[in-house]
Every structure is written in structure tokens, then in C-alpha cells.
Protein chains: 2
Amino acid sequence: MVTAPRDSRERRVTVRDVAAHAGVSQATVSQVLSGSRPVAEETRARVLAAVQELGYRPNHFARALRQQKSHTVAIVVPNITHVTYPMVARGAGEILGPLGYQVALYDTNGLRATEKQIVRTLTDRMVDGAIVFGYPLAPSDARMLQESGVAVVNGSPGSESSPLWDTVQVDETAALRYLTRTLAARYDGPIAYIGGPSGHNTAPRREAGFRAGMQDLTLATDPRLTTSAPYTWAGGRSALTAMLEAGLRPRLVVCANDMIAIGAIAAAREYGLDVPGEVAVSGYDNIDAAEMAVPPLTTVEASPFEQGRAAARLLLERMTDTYRGPARHLTLSAEPVIRASA
Amino acid sequence: MVTAPRDSRERRVTVRDVAAHAGVSQATVSQVLSGSRPVAEETRARVLAAVQELGYRPNHFARALRQQKSHTVAIVVPNITHVTYPMVARGAGEILGPLGYQVALYDTNGLRATEKQIVRTLTDRMVDGAIVFGYPLAPSDARMLQESGVAVVNGSPGSESSPLWDTVQVDETAALRYLTRTLAARYDGPIAYIGGPSGHNTAPRREAGFRAGMQDLTLATDPRLTTSAPYTWAGGRSALTAMLEAGLRPRLVVCANDMIAIGAIAAAREYGLDVPGEVAVSGYDNIDAAEMAVPPLTTVEASPFEQGRAAARLLLERMTDTYRGPARHLTLSAEPVIRASA
DNA sequence: TTGAAAGCGATACCAG
DNA sequence: CTGGTATCGCTTTCAA
């Protein structure tokens, strides 16, 4: 039995080898491969044959060193384990991968310090572009990236108005407004809202949507029925429990995310209230658990895949200089998903 | 107002600049930075000062070209949107990031063809190492990676015995065996098992665990109560419904994953059976929805973060040549998470 | 239409 | 202890 030598990293085939084999110069080989200048059909064929025969594969570092382009795109997110980011990453990868871009993942862990660190790494590594999701990029960081020639697309609530970078957004306000309007028209009685923690990026936007929806129907919002909670099951459960304990009986509870909503359903159930018979509940995000909830949760579905794809497309145009105009701001709308809970 | 010139990519500071500034040779600068040979304390200080002053940052491509090392690790997974992979990626990133490694994400989309394609990309891009999760790597691909000097760690059921690469495993069989034994001892009556789809990697391992657990208690498994379903809510629901329709009344249903289990709970509930009063149900994976289920789901928690960290550590030792012995196989155990459903 | 040769920016060998 | 310089593999002028 033949054993491959340990660490047999054979010398790779280079342009030089191909050139020799085809009886042309390195320059010609390069030109044939990149199409950067016309080459006689006959030599072209000879070069391609040699490439085939020798199994030539270009060296990315040499290329990158020469061209100052890495063919790498960074995806920067606060926490890759949060449901939407993997989908965004996949959407972006779908577009970028087949075009030869490597997708590098950077998780800031929600820390500004880590974020700064990462921005330095990105310029050091000369990524061609960065897709930043989850929070608006600090202007100083954005400047730094811009100055190193890194294209940036930001996808996160609150980055809309920046003239510094292209953005991809989901209009959370509009989505929750529409959902609120639709559901509020269906139920007679007090309407409650359990929002996200103040300080969280998305919280004010979603709350604004709720309020706008109420206003559309000229309904007043009752402050005792408008509260906030951590974006968790426990948060939703205790928020609704508190209202019920206080003797309040909302007929509909609009929640800022699905985990809060599923927690609220639990609270209602513990109180012996039927969902949606006595209390209707809605969420936002359409996480896996929403479909499996009892009853299945009415919610809102943003399209993270499409956000990722869209971001990648905008970025591509920047990286290839296909587009070089002012910052573009793309807004996608989120769709209501009506299930049994409301 | 001062406007930065468009695309003002200023020339980066190089070793040459630092050398000139410090009045030493390029070689010395390089040596100081890498510590690869002793340098007089005084010159050392001068060089470091120059580095500071000029804001020198090394060029990764030049380095990579010279050393044939990219300081990049690839994480290859079949589908980044599946719960566990982001956690694995994060665990690995936690270890690798601070050490200066870039983590590149590759999603094979579950396709062998894409996988082959990716392996080529990895060797082209000269990644130093690859962490492959989700399926055993094809031997031909493994060979190709090995030959290009790419270190590999495989984390997936079914790769244990390979002498070709290090592995990180979770002992699913042991976990389900233990869970089965624990739960079966608690309930009097028929015990059912809803497994994953045959053909799926994990299905036979989990089923083996169930059977072993039954055997431990010298309980016989009833073929009519042992079935399989897609790894989905709908799959679990219809599998249990089918049993109930057939007049079977399992007292405990052990399921191969959480989605099946939550579906089974739904089926029981639709049949007017109390969980866990009349039917107890358990799952596997401890997904978010498990905690939010009604009743909260008893399940098994593998530790994907730790798998990621462990894989990264093994890989590091290979990449740095700290370890160069035969393939190592690390097994982590998964913990039962007892909640109200069983 | 093609070739020769100058870099890109770092490292590592060989001298001194 | 330090300096000069060849080299990694490719792209891209400049000349022919």
C-alpha cells in the first residue's frame, strides 16, 4: 500500500509553468485568463490546453497582493446565534459565493469594543466589502472603512438616513401598523401592547407602528395597557401577568416579538383565559416556535434571506464600481402571517 | 467643510517605511515584530516606536504569499440556518478570532456537488484549517485537503472511526439511552419511539440509544410503537396521530428531536389526552421552542458551543504543529434537560 | 499580437 | 546582533 508522504504539500503549478508548457510568456497566460487584452485565437487555445493539462489554479494571495483586492466580503453581526442573522448570511452567500467571493463571518458579540477591533481587522485583511447588520455602524468606523476603500452596506433599523453607506431595511413600523390595524378591527375591547426593552434598537420603531395603527382606527392607547419587557418568553409572561393581576382585561395583546407573545399566551392560559377566544395575541419575527405554539401564533415575517441577497447585490455594484452614485436606501416590507392566535 | 477625496485609499505604511524611520533594515523590523530572532533592546524600542508613530499594520497578503499560510479557517456546514451550526461557529470563532484567525463560512446547502466545489475553493484560498460539521467528509475530499496541507476537524455523527482527521462528537446514543432509561422507569405502560427519517445521519444513532435504554430495563420494544418521521412538527404530529388512530395508547413517547416531540404533543392534545398526565413526551436538541412549549419539553442538550470550541482547539494544535500524532477523537456527552412534558 | 521586467509587501537566508 | 537581497505568484506597464 502506498502512503502519501506526510505533509506532501506539492509545489503548486504556477503561471510560469503554464507559460513554459504552452511556449508563451507569463504575461500572455495572465491575459488569456483574465481577458484583459486580445490574444490570438491559436495561442489562446494553447494556453487553455496547458492550464487544463497541468491543472493550474491561480494563487489568490499573489493576485490580491498585486491588485489590492481580496475577493472577500465580511458579514458583521452582533450575534450569529440570533435567528435572523444566519438567514441574512445565507442570502448574501447565495449571491456572493458563486461569484468567487469568500464570505468571512465576524461576530461582534454586541460589544462596541469588539466592533472597533473588527473594523481594524477588516482593513488589515483588505476585505472588498462589508455587510453590517444589527446596528448602525459608528460614523468613525464607517469613515475608516471608507478610507480604506471597503464598500459598506448596513442593514439595521436606524441607519436609513445616513449618506455614508447604502442600506437595506425592513419597515417594521409599517408592518406593525398594518398588523395592528387589521387585528384591532377584529376585536371589541381594550387593546394592549407589550414592547421591547427601551434601549433596544427595534423597540421604538415597533411601538410607533402599534401607535400608528391604533390612530388609523382612531382608537386611543391606554397607558396602563402599554408596557415593555425584555425580548424573552419570561418577559412576555410576566408583563401580561402584571396586567391581569392589576385587573386589566385586554381583548387583544400586540407584542413586539414572538417570544414575548408566546410568553403572554402562557400567562393568559395560566389565568384560565382562552386564546384567542378571550384574549388574542400577536407577535413579530415568525420564529420556528411561532408555528409550533398553541395556538399557532399570528405574527409578522420579515424576509431575512431577501435582506441578505439585497445587501449583497448593492455591495457588489459598489465593489465592481458598477454603481458609484450617492448612498442608496432600500426598504423591504414585512408580511403579516395570520394564524390562530389572533 | 473638508471632503475626503473619493476613494482616497492612501498608500499603506510598509515595513520599508518603518525601517527607514527607525534607521534599521527591513529584516530587523520583521524580526522585531515576529520575535523570530533576538534583537538588541535599544533597536527593538526604536522599531516599536516607529511602528506606533507611523501606524504600521502588516499586509496579510504579502505575509500569506511568503509563508503560504492564510491565517484563515473555514467552517463548512450543510445549512447555516439550522439551529446548532451558528452556535458551533460562534464557539469556534471565540477561540480563533482573538488569535488572529479569520473565520470563513461555507454553506454546502446539503449538496455533495457544492461540497466538492468548496473543497477546491479551500485549497485555492489556502485556508490553514477547516472545521467541517454536519456530515462525514468524503474521503476523496479529505485527501485533497490533506494534500494541500489543510488541517481538518470533522464534527458529525458517523465520522468517529476515520484515521484521516480529528473529530469532535456528541454521543447521541448514550444521551438517548440515558434519557430513555430515566423516563421509562417513571411511567407504567407502553413506550413509543418516533425516530428521524432513515437516511438521515443522526437517525440510527438516536434510535440505537432508545433501544439500548429499553434493554437496560429489560423492556421489549413494540414494533407498532416504533416509527419514524421527518424531523418536523408536522412529522411528529402525524406520526403520533397515526398510532392513536390505530388504537395504540403509549404512556411515554420518546422522540428523536424537539420538533417531532412538539408535534406529538399537539397530536396528543388534539386527541384530548393530557401531557404528561396521560402521555409523556420527550425530545432532543433543546431548541428555543422547547422551553416555550406547553408543557415545557423534556429533552437533551448537546453543547454546540463547546463542540465549536473543542473543534477549534484541536484544529489549532494541528495548524501550529503543536500536535502531529495520529487522529484524535473527542466525544462530548449531552445532558438531559428534564422539564414538565415527561 | 506578444514578451521582458518591474513591482505588490513581507520573510528568511546568507553574510558580515 | 544586523543588513542586503532573493523570493512567494501574479498583474501590468513599456517596448517591440
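Sequence lines set the chain letters: A, B, ... in the order given, protein chains first and strands last, and positions in each chain run from 1. Note: hydrogens, waters and symmetry copies are ignored here, and every other heavy atom, side chains too, is used.
Taking atom CZ of A:R16 as the reference point, atom C1' of D:dG9 lies 9 Å away to the nearest angstrom. At whole-Å resolution of the value, NE2 in B:H71 and C1' in C:dA10 are 13 Å apart. Rounded to whole Å, atom C1' of C:dA10 lies 11 Å from atom CE of A:M126. The CD-C1' distance, from B:Q67 to D:dG9, rounds to 16 Å in whole Å. Whole-Å rounding puts the B:L33 CG to C:dG9 C1' distance at 13 Å. C:dA12 atom P lies 11 Å from atom CD of B:Q68, rounded to whole Å. We find that NZ of A:K69 is positioned 23 Å from P of D:dG9, with the value rounded to whole Å.
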Polar atoms only, N or O, under 3.5 Å: list the protein pairs with nucleotides 2-6 of chain C and their distances.
{"residue": "C:dT2", "atom": "OP1", "partner": "A:T43", "partner atom": "OG1", "Å": "3.0"}
{"residue": "C:dT2", "atom": "OP2", "partner": "A:A40", "partner atom": "N", "Å": "2.8"}
{"residue": "C:dT2", "atom": "OP2", "partner": "A:T43", "partner atom": "OG1", "Å": "3.3"}
{"residue": "C:dT2", "atom": "O4", "partner": "A:R37", "partner atom": "NH1", "Å": "3.3"}
{"residue": "C:dG3", "atom": "OP2", "partner": "A:S25", "partner atom": "N", "Å": "2.9"}
{"residue": "C:dG3", "atom": "OP2", "partner": "A:S25", "partner atom": "OG", "Å": "3.3"}
{"residue": "C:dG3", "atom": "OP2", "partner": "A:T28", "partner atom": "OG1", "Å": "2.7"}
{"residue": "C:dG3", "atom": "N7", "partner": "A:R37", "partner atom": "NH2", "Å": "3.3"}
{"residue": "C:dG3", "atom": "O6", "partner": "A:R37", "partner atom": "NH1", "Å": "3.0"}

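Residues passing the side-chain hydrogen bond (donor to acceptor under 3.5 Å, both in side chains) test with A:Q307, sequence neighbours excluded: none. Taking A:T331 as the reference, nothing meets the side-chain hydrogen bond (donor to acceptor under 3.5 Å, both in side chains) condition, with sequence neighbours excluded. Taking the salt bridge (charged side-chain N to carboxylate O under 4.0 Å, His left out) definition, one finds that B:R57 meets it with A:D124, sequence neighbours left out. Contacts of B:R63 classified as side-chain hydrogen bond (donor to acceptor under 3.5 Å, both in side chains), with partners at least two apart in sequence or in another chain: none. For A:E115, the side-chain hydrogen bond (donor to acceptor under 3.5 Å, both in side chains) partners at least two apart in sequence or on another chain are A:R112. By the side-chain contact (heavy atoms from CB on, under 4.5 Å) test, A:E317 pairs with A:T322, A:Y323, A:R328, sequence neighbours left out. Take A:R120 and apply the salt bridge (charged side-chain N to carboxylate O under 4.0 Å, His left out) test, not counting sequence neighbours, and it matches no residue.
Nearest heavy atom pair, residue B:R318 against residue B:A151, reads CB-CB, 3.7 Å.
Residues from residues 53-64 of chain B with heavy atoms under 4.0 angstrom of DNA chain D: there are none.
One axis for each end of the helix from C:dT1-D:dA16 to C:dG16-D:dC1, each built from five base pairs, and the angle between them comes to 40° at 10° resolution.
Considering only the side chain of A:T14, D:dC10 comes nearest among C:dC8, D:dC10, D:dT11.
Note on residues 87-105 of chain B: pairs passing salt bridge (Lys or Arg N to Asp or Glu O under 4.0 Å), not counting sequence neighbours, are A:D107-B:R90, B:E94-B:R309.
In this structure, the side chain of B:D141 does not engage the main chain of B:A138 through any donor-acceptor pair within 3.5 Å.
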Determine all donor-acceptor pairs shorter than 3.5 Å in which one atom belongs to a side chain in residues 70-77 of chain B; sequence neighbours excluded.
{"residue": "B:S70", "atom": "OG", "partner": "B:T72", "partner atom": "N", "Å": "3.3"}
{"residue": "B:S70", "atom": "OG", "partner": "B:M126", "partner atom": "O", "Å": "2.7"}
{"residue": "B:S70", "atom": "OG", "partner": "B:D128", "partner atom": "OD1", "Å": "3.4"}
{"residue": "B:T72", "atom": "OG1", "partner": "A:R125", "partner atom": "NH1", "Å": "3.2"}
{"residue": "B:T72", "atom": "OG1", "partner": "B:S70", "partner atom": "O", "Å": "3.2"}

